[in-house]
2 protein chains.
Amino acid sequence: MKSLSDQTRFKIVGMLLTRDFCVGGLARTLDISEAAVSQHLKLLKDVGLVNGEKHGYFMHYQVERSVLEGLANALLGMTEVDRTLYGECQPRAREACRLCNSNE
Amino acid sequence: MKSLSDQTRFKIVGMLLTRDFCVGGLARTLDISEAAVSQHLKLLKDVGLVNGEKHGYFMHYQVERSVLEGLANALLGMTEVDRTLYGECQPRAREACRLCNSNE
DNA sequence: AATCTGTTTAAGCTATTACTTAATCAGATT
DNA sequence: AATCTGATTAAGTAATAGCTTAAACAGATT
């Protein structure tokens with residue numbers, strides 16, 4: 001989730017979903033250094049979101065869609081958590097507030 | 001997306017999905033100050049992910065599930081983008097590399 | 001209306017993170 | 001094998017973001 005939090009990284013994933021890009025191509029489009037792109041790609045590779053392969057002189061990266069889908073579905077799953085309404089917080093009784101102090 | 005990138009914020013959303021919490025309850029569970037929680041909640045409110053209402057002395061927050069679902073579906077939608085494979089990068093011809101220099 | 005409680009805002013500090021340049025690496029081309 | 005080229009790594013810097021304490025706020029209780 002943190003891997004997609006950065007604007008630039010999000011753009012990179014978006015770009016790589018449409019087609020392959022080499023590092024230089026990403027760097028020029030995003031107007032940052034190739035080193036910066038490489039560092040973002042390293043992070044994305046580490047979480048398995050993208051992988052790359054050599055094509056002659058160039059390294060071409062692409063998105064591992066299943067991983068991205070996994071992330072999306074994890075989020076979607078969260079929304080289905082059941083909601084249990086406990087009792088109310090008791091005014092002036094911080095210690096007695098079951099709702100807020102419960103440890104589960 | 002950035003709103004869920006922080007570990008603590010992610011936990012807060014997770015907790016609020018199970019039931020209501022007041023600020024103090026979140027703070028004690030997460031072991032950070034109430035001010036810190038309040039700041040996270042402000043951010044989450046700003047993107048519409050949570051909203052809160054006064055209950056006596058306490059402010060109870062809850063997750064706006066539709067917004068969370070929207071985020072998840074946006075991610076899921078991304079994965080369905082069509083992939084167009086352009087030509088290869090041309091070795092030693094940075095300017096000629098259609099794939100990486102194309103602007104679309 | 002005065003007071004008390006939970007929450008929020010402000011200010012400042014610290015840690016993290018994204019970027020740059022420079023140096024190094026890997027491997028394709030000659 | 002020497003020499004290119006694109007990619008990566010390293011080191012340092014600047015910006016961002018999360019936390020804390022202290023002060024201000026809102027509104028429920030007395």
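Computed from a predicted structure; not experimentally measured. Throughout, a chain's letter reflects where its sequence line sits, starting with A, and its residues are numbered from 1.
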Value in whole Å for how far the [atom2] atom of [N] lies from [atom1] of [X]:
| X | N | atom1 | atom2 | result |
| --- | --- | --- | --- | --- |
| B:His60 | D:dG27 | NE2 | C1' | 15 Å |
| A:Gln7 | D:dA17 | CD | P | 11 Å |
| B:Leu41 | C:dT7 | CG | P | 10 Å |
| A:Glu34 | C:dC19 | CD | P | 14 Å |
| B:Phe58 | C:dT7 | CZ | P | 6 Å |
| B:Ile12 | C:dT7 | CD1 | P | 13 Å |
| A:Phe21 | D:dA7 | CZ | P | 13 Å |
| B:Lys42 | D:dC19 | NZ | C1' | 17 Å |

Taking C-beta and beyond as the side chain, do [X] and [Y] meet within less than 4.5 Å on heavy atoms?
| X | Y | result |
| --- | --- | --- |
| A:Cys22 | A:His60 | yes |
| A:Val50 | A:Gln62 | no |
| B:Lys2 | A:Phe10 | no |
| A:Met78 | B:Val13 | yes |
| A:Glu53 | A:Asp20 | no |

Axis-to-axis angle across the helix from C:dA1-D:dT30 to C:dT30-D:dA1, five pairs an end, to 10 degrees?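 One end's axis against the other's: 30°.
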Using the side-chain heavy atoms of [X], tell me which of these nucleotides is nearest: [options].
| X | options | result |
| --- | --- | --- |
| B:Ile32 | D:dA7, C:dT7, D:dC19 | D:dC19 |
| B:Ala35 | C:dA22, C:dT9, C:dT7 | C:dT9 |
| A:Ser33 | C:dT20, D:dG6, C:dT7 | C:dT20 |

Quick one: [atom1] on [X] to [atom2] on [Y], what's the gap to the nearest 0.5 Å?
| X | Y | atom1 | atom2 | value |
| --- | --- | --- | --- | --- |
| A:Ile12 | A:Met15 | CD1 | CE | 8.0 Å |
| B:Asn73 | B:Leu68 | CG | CG | 10.0 Å |
| B:Met1 | A:Met1 | CE | CE | 4.0 Å |
| A:Lys11 | A:His40 | NZ | NE2 | 10.5 Å |
| B:Leu76 | A:Leu71 | CG | CG | 11.0 Å |
| B:Glu64 | B:Glu69 | CD | CD | 10.0 Å |

Side chain to side chain contact (heavy atoms under 4.5 Å, CB included) with B:Ser3: which residues, sequence neighbours excluded?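 Per chain and number, B:Ser3 pairs via side chain to side chain contact (heavy atoms under 4.5 Å, CB included) with B:Leu43, B:Leu44, B:Val47, B:Leu49.
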Which protein N or O atoms sit under 3.5 Å from an N or O of nucleotides 12-14 of chain D?
none

Return yes if some donor-acceptor pair links the side-chain N/O of B:Ser38 with the main-chain N/O of B:Glu34 below 3.5 Å, else return no.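 Judged by distance alone, no pair lies under 3.5 Å.
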Go along nucleotides 13-18 of chain C 5' to 3' and tag each nucleotide: B for a protein heavy atom under 4.0 Å from its base, S when only backbone or sugar atoms are that close, - otherwise. ----SS
By nearest nucleotide on DNA chain C, pick out whichever of B:Ala36 and A:Asp31 is the more 5' one.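 Mapping each residue to its closest nucleotide by heavy atoms, the 5'-most match is B:Ala36.
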Every protein N/O within reach of nucleotides 23-26 of chain D N/O, cut-off under 3.5 Å:
none

Going by the rule salt bridge (charged side-chain N to carboxylate O under 4.0 Å, His left out), which residues pair with B:Lys42 if we only count those two or more places apart in sequence or in a different chain?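 Expected list: B:Asp46.
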Under 4.0 Å from OP1 or OP2 of D:dT8: is there any side-chain N or O of A:Tyr61 that close?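 For D:dT8, OP1 or OP2 has a side-chain N or O of A:Tyr61 closer than 4.0 Å.
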